[in-house]
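For reference, the structure discussed in these notes is given below.
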Amino acid sequence: MQKLLSVSLFILTFNSCEIAPVYLSEENPQIVVECFFKPDDPFLLYLGETRFTHEFELDTPAALSKAEVRLFENGELIGLFMENDTLPPNVRFLDRQAVYTLDYYPVPGKTYRIEVSKEGYESVWAESQIPPARGYIEAIGTSKTNRLDPENDFVEYLFNVSILLKDPPGTDYYHLDIYSRAWLIDLLTSDTINTRFSEEFINVDQGFIIQTSGPFWSELIFDDILFEGADLQIDFRQLTGAGSTRVLRKDTDLKNLTEDNYAKYYPYLRNVSFEYHEYYRTAMQQLETIDDPFAEPVRIYSNIHGGKGVFAGYNEQVFEIPAGFFFYEGE
(Lines give C-alpha, C1' and ligand atoms only; values in the text may rest on other atoms or scores of the structure.)
Protein backbone atom coordinates (compact mmCIF):
# COMPACT_ATOMS: atom_id res chain seq x y z
CA MET A 1 0.00 0.00 0.00
CA GLN A 2 1.35 3.39 -0.91
CA LYS A 3 2.09 5.80 1.91
CA LEU A 4 0.01 8.99 1.93
CA LEU A 5 0.85 12.27 3.65
CA SER A 6 -1.47 15.27 3.71
CA VAL A 7 -0.51 18.93 3.69
CA SER A 8 -2.88 21.90 3.53
CA LEU A 9 -1.67 25.06 1.84
CA PHE A 10 -3.72 28.07 2.92
CA ILE A 11 -3.81 30.53 0.05
CA LEU A 12 -3.67 34.25 0.73
CA THR A 13 -3.30 37.27 -1.51
CA PHE A 14 0.00 39.18 -1.33
CA ASN A 15 1.95 41.53 -3.52
CA SER A 16 4.44 39.48 -5.51
CA CYS A 17 8.05 39.72 -4.35
CA GLU A 18 11.07 38.32 -6.18
CA ILE A 19 14.22 36.86 -4.72
CA ALA A 20 16.84 39.57 -4.95
CA PRO A 21 19.72 38.54 -2.65
CA VAL A 22 22.24 41.19 -1.72
CA TYR A 23 25.91 40.25 -1.68
CA LEU A 24 28.13 42.61 0.32
CA SER A 25 31.90 42.29 0.62
CA GLU A 26 34.50 43.80 2.91
CA GLU A 27 37.22 42.64 0.52
CA ASN A 28 37.80 43.10 -3.21
CA PRO A 29 34.58 42.82 -5.28
CA GLN A 30 33.74 39.32 -6.50
CA ILE A 31 31.87 38.21 -9.61
CA VAL A 32 28.19 37.36 -9.03
CA VAL A 33 26.49 34.92 -11.43
CA GLU A 34 22.84 33.93 -11.74
CA CYS A 35 21.90 31.30 -14.32
CA PHE A 36 19.02 28.81 -14.27
CA PHE A 37 18.80 26.56 -17.32
CA LYS A 38 16.35 23.96 -18.61
CA PRO A 39 15.74 21.89 -21.75
CA ASP A 40 14.32 23.69 -24.80
CA ASP A 41 15.56 27.12 -23.68
CA PRO A 42 18.93 28.62 -24.68
CA PHE A 43 21.33 29.70 -21.96
CA LEU A 44 20.86 33.11 -20.35
CA LEU A 45 22.80 34.41 -17.35
CA TYR A 46 23.23 37.63 -15.38
CA LEU A 47 26.56 38.98 -14.15
CA GLY A 48 27.12 41.42 -11.33
CA GLU A 49 29.61 42.07 -8.58
CA THR A 50 29.59 42.18 -4.81
CA ARG A 51 29.62 45.64 -3.27
CA PHE A 52 31.73 47.09 -0.49
CA THR A 53 29.60 47.52 2.64
CA HIS A 54 30.71 51.12 3.16
CA GLU A 55 29.86 52.03 -0.45
CA PHE A 56 26.71 49.99 -0.99
CA GLU A 57 23.55 51.82 -2.03
CA LEU A 58 20.35 50.20 -3.27
CA ASP A 59 20.27 52.43 -6.35
CA THR A 60 23.89 51.81 -7.32
CA PRO A 61 24.16 49.49 -10.36
CA ALA A 62 26.46 46.50 -9.95
CA ALA A 63 26.32 45.20 -13.53
CA LEU A 64 29.42 43.48 -14.83
CA SER A 65 29.94 44.18 -18.53
CA LYS A 66 32.60 43.04 -21.00
CA ALA A 67 33.30 39.74 -19.25
CA GLU A 68 34.27 36.50 -20.99
CA VAL A 69 31.90 33.61 -20.29
CA ARG A 70 32.67 30.12 -21.61
CA LEU A 71 30.33 27.11 -21.63
CA PHE A 72 31.45 23.47 -21.47
CA GLU A 73 29.35 20.32 -21.93
CA ASN A 74 30.85 17.14 -20.43
CA GLY A 75 34.25 18.85 -20.53
CA GLU A 76 34.02 20.00 -24.17
CA LEU A 77 34.02 23.72 -24.98
CA ILE A 78 30.67 24.68 -26.56
CA GLY A 79 31.16 28.40 -27.09
CA LEU A 80 31.29 31.91 -25.66
CA PHE A 81 28.34 33.87 -24.25
CA MET A 82 27.58 37.23 -25.83
CA GLU A 83 26.52 40.28 -23.86
CA ASN A 84 22.96 40.98 -24.96
CA ASP A 85 21.17 44.33 -24.89
CA THR A 86 17.97 42.86 -26.38
CA LEU A 87 16.46 41.53 -23.19
CA PRO A 88 13.38 39.41 -22.50
CA PRO A 89 10.64 41.34 -20.66
CA ASN A 90 10.85 39.05 -17.60
CA VAL A 91 14.57 39.53 -16.95
CA ARG A 92 15.13 40.38 -13.30
CA PHE A 93 17.68 42.61 -11.58
CA LEU A 94 18.32 44.77 -14.66
CA ASP A 95 19.62 47.58 -12.48
CA ARG A 96 22.27 45.28 -11.07
CA GLN A 97 23.39 42.75 -13.63
CA ALA A 98 24.45 42.52 -17.24
CA VAL A 99 22.76 39.81 -19.34
CA TYR A 100 24.71 37.30 -21.44
CA THR A 101 23.22 34.73 -23.81
CA LEU A 102 24.36 31.67 -25.76
CA ASP A 103 22.15 30.07 -28.41
CA TYR A 104 22.68 26.53 -27.16
CA TYR A 105 20.04 24.21 -25.70
CA PRO A 106 21.02 22.04 -22.71
CA VAL A 107 19.82 18.46 -22.26
CA PRO A 108 19.26 16.35 -19.13
CA GLY A 109 22.02 14.03 -17.99
CA LYS A 110 24.97 16.10 -19.21
CA THR A 111 27.24 18.17 -17.00
CA TYR A 112 27.48 21.87 -17.84
CA ARG A 113 30.26 24.13 -16.66
CA ILE A 114 30.69 27.87 -17.02
CA GLU A 115 33.91 29.81 -16.59
CA VAL A 116 33.77 33.60 -16.19
CA SER A 117 36.75 35.92 -16.35
CA LYS A 118 37.21 39.67 -16.37
CA GLU A 119 40.27 41.83 -15.83
CA GLY A 120 40.53 42.99 -12.24
CA TYR A 121 38.47 40.09 -10.82
CA GLU A 122 39.23 36.56 -9.73
CA SER A 123 37.96 34.11 -12.37
CA VAL A 124 35.03 31.93 -11.32
CA TRP A 125 33.48 28.65 -12.41
CA ALA A 126 30.49 26.43 -11.62
CA GLU A 127 28.94 23.11 -12.67
CA SER A 128 25.40 21.69 -12.65
CA GLN A 129 23.08 19.27 -14.45
CA ILE A 130 19.43 19.15 -15.50
CA PRO A 131 17.69 16.44 -13.45
CA PRO A 132 15.18 14.14 -15.17
CA ALA A 133 11.46 14.97 -14.92
CA ARG A 134 10.47 12.36 -12.32
CA GLY A 135 7.59 13.58 -10.18
CA TYR A 136 3.99 13.55 -11.43
CA ILE A 137 0.90 15.49 -10.36
CA GLU A 138 -2.59 13.98 -10.28
CA ALA A 139 -5.67 16.09 -9.51
CA ILE A 140 -7.93 14.48 -6.88
CA GLY A 141 -10.59 17.15 -6.48
CA THR A 142 -11.82 20.71 -6.78
CA SER A 143 -14.48 22.56 -4.84
CA LYS A 144 -15.98 26.03 -4.85
CA THR A 145 -16.61 28.48 -2.06
CA ASN A 146 -18.02 32.01 -2.04
CA ARG A 147 -16.89 34.80 0.25
CA LEU A 148 -19.05 37.83 1.06
CA ASP A 149 -17.57 41.32 1.06
CA PRO A 150 -19.77 42.92 3.77
CA GLU A 151 -18.76 46.49 2.93
CA ASN A 152 -19.87 46.33 -0.69
CA ASP A 153 -22.38 43.47 -0.44
CA PHE A 154 -20.43 41.55 -3.10
CA VAL A 155 -19.77 37.81 -3.35
CA GLU A 156 -16.24 36.78 -4.36
CA TYR A 157 -15.45 33.50 -6.09
CA LEU A 158 -12.85 31.08 -4.60
CA PHE A 159 -11.62 27.59 -5.51
CA ASN A 160 -10.03 24.76 -3.56
CA VAL A 161 -7.78 22.38 -5.51
CA SER A 162 -6.30 19.15 -4.17
CA ILE A 163 -3.47 17.30 -5.89
CA LEU A 164 -1.32 14.24 -5.35
CA LEU A 165 2.37 14.69 -5.97
CA LYS A 166 3.50 11.18 -6.92
CA ASP A 167 7.13 10.93 -5.86
CA PRO A 168 9.36 8.15 -7.27
CA PRO A 169 11.96 6.34 -5.15
CA GLY A 170 15.21 8.27 -4.76
CA THR A 171 16.12 11.79 -3.68
CA ASP A 172 14.30 14.60 -5.47
CA TYR A 173 14.18 18.37 -5.13
CA TYR A 174 11.03 20.23 -6.18
CA HIS A 175 9.83 23.73 -7.04
CA LEU A 176 6.03 23.92 -7.23
CA ASP A 177 4.04 26.88 -8.53
CA ILE A 178 0.41 27.19 -9.62
CA TYR A 179 -1.24 29.42 -12.22
CA SER A 180 -4.81 29.85 -13.37
CA ARG A 181 -6.65 30.81 -16.54
CA ALA A 182 -10.23 32.07 -16.59
CA TRP A 183 -12.41 32.45 -19.66
CA LEU A 184 -15.34 34.85 -19.45
CA ILE A 185 -18.10 33.01 -21.36
CA ASP A 186 -21.33 34.34 -22.84
CA LEU A 187 -23.75 31.71 -21.51
CA LEU A 188 -26.27 32.35 -24.27
CA THR A 189 -23.92 31.98 -27.23
CA SER A 190 -21.02 30.05 -25.59
CA ASP A 191 -18.63 32.63 -27.04
CA THR A 192 -15.50 33.65 -25.15
CA ILE A 193 -15.58 37.34 -24.21
CA ASN A 194 -12.07 37.56 -22.77
CA THR A 195 -9.49 35.54 -20.85
CA ARG A 196 -7.31 36.10 -17.79
CA PHE A 197 -4.06 34.28 -16.92
CA SER A 198 -2.59 34.82 -13.47
CA GLU A 199 -0.24 33.37 -10.88
CA GLU A 200 -1.81 32.20 -7.64
CA PHE A 201 -0.36 33.43 -4.35
CA ILE A 202 0.12 30.88 -1.59
CA ASN A 203 1.28 30.76 2.00
CA VAL A 204 2.46 27.58 3.73
CA ASP A 205 2.77 26.86 7.44
CA GLN A 206 3.58 23.13 7.19
CA GLY A 207 7.32 23.63 7.48
CA PHE A 208 7.95 19.99 8.32
CA ILE A 209 7.17 19.08 4.69
CA ILE A 210 7.46 22.27 2.66
CA GLN A 211 10.68 23.64 4.08
CA THR A 212 10.23 27.22 2.97
CA SER A 213 7.97 29.32 0.82
CA GLY A 214 8.48 32.81 2.21
CA PRO A 215 5.63 35.07 3.30
CA PHE A 216 5.09 36.73 -0.09
CA TRP A 217 5.84 34.05 -2.67
CA SER A 218 3.74 31.83 -4.82
CA GLU A 219 6.43 29.17 -5.13
CA LEU A 220 7.11 26.18 -2.88
CA ILE A 221 10.68 24.90 -2.56
CA PHE A 222 11.09 21.50 -0.91
CA ASP A 223 12.75 18.08 -1.06
CA ASP A 224 11.19 14.65 -0.56
CA ILE A 225 13.13 13.63 2.55
CA LEU A 226 9.92 13.09 4.56
CA PHE A 227 7.83 11.41 1.85
CA GLU A 228 10.37 9.80 -0.49
CA GLY A 229 8.68 7.28 -2.77
CA ALA A 230 5.19 8.16 -1.48
CA ASP A 231 2.19 10.20 -2.59
CA LEU A 232 2.02 13.66 -1.04
CA GLN A 233 -1.43 15.27 -0.90
CA ILE A 234 -1.35 19.07 -1.23
CA ASP A 235 -4.53 21.09 -0.73
CA PHE A 236 -4.57 24.58 -2.25
CA ARG A 237 -7.32 26.44 -0.44
CA GLN A 238 -9.12 29.66 -1.36
CA LEU A 239 -7.34 30.32 -4.64
CA THR A 240 -8.38 33.75 -5.83
CA GLY A 241 -6.34 34.60 -8.94
CA ALA A 242 -8.77 33.28 -11.54
CA GLY A 243 -11.72 35.02 -9.95
CA SER A 244 -10.17 38.23 -8.67
CA THR A 245 -12.06 40.27 -11.27
CA ARG A 246 -15.31 38.31 -10.99
CA VAL A 247 -17.69 39.29 -8.20
CA LEU A 248 -21.47 39.35 -7.98
CA ARG A 249 -23.84 41.31 -5.84
CA LYS A 250 -25.24 39.30 -2.96
CA ASP A 251 -28.79 39.46 -4.31
CA THR A 252 -27.89 38.29 -7.85
CA ASP A 253 -30.29 35.73 -9.29
CA LEU A 254 -27.95 32.98 -10.55
CA LYS A 255 -30.68 31.58 -12.80
CA ASN A 256 -30.56 34.75 -14.89
CA LEU A 257 -26.78 34.89 -15.37
CA THR A 258 -25.84 35.84 -18.92
CA GLU A 259 -22.08 35.37 -18.51
CA ASP A 260 -19.70 33.60 -16.16
CA ASN A 261 -16.04 32.67 -15.85
CA TYR A 262 -14.75 29.16 -16.52
CA ALA A 263 -11.45 28.30 -14.80
CA LYS A 264 -8.56 25.89 -15.15
CA TYR A 265 -5.54 25.56 -12.86
CA TYR A 266 -2.00 24.72 -13.93
CA PRO A 267 0.48 23.36 -11.39
CA TYR A 268 4.04 23.94 -12.64
CA LEU A 269 6.25 21.20 -11.19
CA ARG A 270 10.01 21.57 -11.50
CA ASN A 271 12.52 18.84 -10.73
CA VAL A 272 15.46 20.98 -9.69
CA SER A 273 19.12 20.37 -9.03
CA PHE A 274 20.55 20.50 -5.52
CA GLU A 275 22.19 23.83 -6.39
CA TYR A 276 18.84 25.32 -7.44
CA HIS A 277 17.12 24.05 -4.28
CA GLU A 278 19.73 25.38 -1.88
CA TYR A 279 20.02 28.78 -3.55
CA TYR A 280 16.26 29.42 -3.47
CA ARG A 281 15.84 28.00 0.04
CA THR A 282 18.54 30.15 1.60
CA ALA A 283 17.63 33.28 -0.41
CA MET A 284 14.03 32.99 0.80
CA GLN A 285 15.21 32.53 4.38
CA GLN A 286 17.37 35.64 4.10
CA LEU A 287 14.42 37.74 2.95
CA GLU A 288 12.17 36.27 5.65
CA THR A 289 14.59 37.28 8.42
CA ILE A 290 16.30 40.37 7.02
CA ASP A 291 14.21 42.75 9.17
CA ASP A 292 14.38 40.60 12.31
CA PRO A 293 17.12 41.95 14.65
CA PHE A 294 17.05 38.71 16.67
CA ALA A 295 17.43 36.31 13.74
CA GLU A 296 20.71 34.65 12.88
CA PRO A 297 22.22 35.98 9.64
CA VAL A 298 21.47 33.69 6.68
CA ARG A 299 24.30 32.99 4.27
CA ILE A 300 22.94 32.44 0.76
CA TYR A 301 24.13 29.22 -0.83
CA SER A 302 26.45 29.60 -3.80
CA ASN A 303 28.09 27.08 -6.11
CA ILE A 304 30.14 29.77 -7.90
CA HIS A 305 33.74 28.87 -7.06
CA GLY A 306 35.67 32.07 -6.40
CA GLY A 307 32.53 34.24 -6.52
CA LYS A 308 28.86 34.38 -5.52
CA GLY A 309 25.52 33.35 -7.01
CA VAL A 310 24.23 30.20 -8.65
CA PHE A 311 24.48 28.11 -11.81
CA ALA A 312 21.72 25.49 -11.71
CA GLY A 313 19.67 23.22 -13.97
CA TYR A 314 16.02 22.18 -13.74
CA ASN A 315 13.24 20.37 -15.61
CA GLU A 316 9.63 21.51 -15.76
CA GLN A 317 6.25 19.84 -16.29
CA VAL A 318 2.89 21.62 -16.52
CA PHE A 319 -0.37 19.93 -15.52
CA GLU A 320 -3.97 20.96 -16.23
CA ILE A 321 -6.85 20.84 -13.72
CA PRO A 322 -10.31 21.91 -15.00
CA ALA A 323 -12.24 23.63 -12.20
CA GLY A 324 -15.52 24.59 -13.89
CA PHE A 325 -17.65 27.72 -13.81
CA PHE A 326 -17.53 30.24 -10.99
CA PHE A 327 -21.28 30.49 -10.37
CA TYR A 328 -23.09 28.86 -13.29
CA GLU A 329 -24.34 25.37 -12.43
CA GLY A 330 -25.34 24.22 -15.93
CA GLU A 331 -23.47 22.03 -18.42
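None of the values given here were measured: they were computed from a predicted structure.
Considering only heavy atoms from C-beta on, V33 comes within 4.5 Å of I31 through its side chain. The shortest side-chain heavy-atom distance between F222 and Y173 does not fall under the 4.5 Å cut-off. Residues T192 and I185 meet the side-chain proximity criterion, which asks for heavy atoms closer than 4.5 Å. In this structure the side chain of V310 never reaches within 4.5 angstrom of the side chain of C35, judged on heavy atoms. Contact check for V116 versus W125: no side-chain heavy atoms found under the 4.5 Å cut-off. Counting heavy atoms from C-beta outward, P322 and Y262 have side chains that approach closer than 4.5 Å. At least one side-chain heavy atom of K250 sits less than 4.5 Å from a side-chain heavy atom of L148. Using a 4.5 Å cut-off on side-chain heavy atoms (C-beta onward), Q233 and I140 make contact.
Checking Y265 against E320 by side-chain atom types alone, no donor-acceptor pair falls below 3.5 Å. Between the side chains of Q30 and T50, no donor-acceptor pair of N or O atoms lies under 3.5 Å. For the residue pair E127 / T111, no side-chain donor-acceptor distance below 3.5 Å is found, with atom types taken as modelled.
A salt bridge links R237 and D235; the closest N-O separation between the charged side-chain nitrogens and carboxylate oxygens is under 4.0 Å.
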Margin query: Test side-chain contact (heavy atoms from CB on, under 4.5 Å) on S198 and R181; report intermediate values, then the result.
Written below: CA-CA 6 Å; S198 59; R181 182 175 293 279; over 6 Å; no
Checklist line | Criterion side-chain contact (heavy atoms from CB on, under 4.5 Å) on L239 and L158, from CA distance to verdict | finding: CA-CA 6 Å; L239 295 167; L158 303 167; over 6 Å; no
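The ring of Y276 has its center closer than 6.0 angstrom to the ring center of H175. A centroid separation of 6.0 Å or more is found between the aromatic rings of Y279 and Y301.
Of the possible donor and acceptor atoms, one in the side chain of S302 sits under 3.5 Å from a partner among the backbone N and O of I304. K144 places a side-chain N or O within donor-acceptor distance of the main-chain N or O of F325, the cut-off being under 3.5 Å. A donor-acceptor pair is defined here as one N or O able to donate and one able to accept, closer than 3.5 Å; no such pair exists between the side chain of K110 and the backbone of I130. No side-chain donor-acceptor contact under 3.5 Å links E228 to the backbone of T171. Put simply, the side chain of Y112 gets close to the backbone of V107: a donor and an acceptor are under 3.5 Å apart. Side chain of S128 to backbone of G313: a donor-acceptor contact under 3.5 angstrom is found. Of the possible polar contacts, one joining the E83 side chain to the K66 backbone as a donor-acceptor pair under 3.5 Å is found. Counting only distance, with no hydrogens or angles, the side chain of T252 and the backbone of L248 share no donor-acceptor pair below 3.5 Å. Within the 3.5 Å criterion, the main-chain N or O of F326 finds no donor-acceptor partner in the side chain of N261. Listed for the E259 side chain is no donor-acceptor partner under 3.5 Å among the backbone atoms of L188.
Of the residues listed (F236, Y268, Y266), the one engaging Y179 in a ring pair (Phe, Tyr, Trp, His ring centres under 6.0 Å) is Y268, and it is the only one. Looking at N271, D172, D224 one by one, the single match for side chain to side chain donor-acceptor pair (under 3.5 Å) with R134 turns out to be D172.
The shortest heavy-atom contact between L47 and A67 is CD1-CB, 3.7 Å. The two residues P29 and E49 come nearest to each other via the heavy atoms CB-OE1, 4.0 Å. Smallest separation of non-hydrogen atoms from P168 and K166: CD-O, 3.7 Å. The heavy-atom pair separating I137 from L176 by the smallest distance is CD1-CD1, 3.8 Å.
F43 and F311 have parallel rings, their planes meeting at less than 30° on a 0 to 90° scale where 60° marks the start of perpendicular.
In this structure, D191 places its CG atom where more than 12 heavy-atom neighbours from other residues, nucleotides or ligands lie under 6.0 Å away.
Residues F72 and Y105 do not share a hydrophobic cluster, clusters being chains of Ile/Leu/Val/Met/Phe/Trp/Tyr side chains in contact below 4.5 Å.
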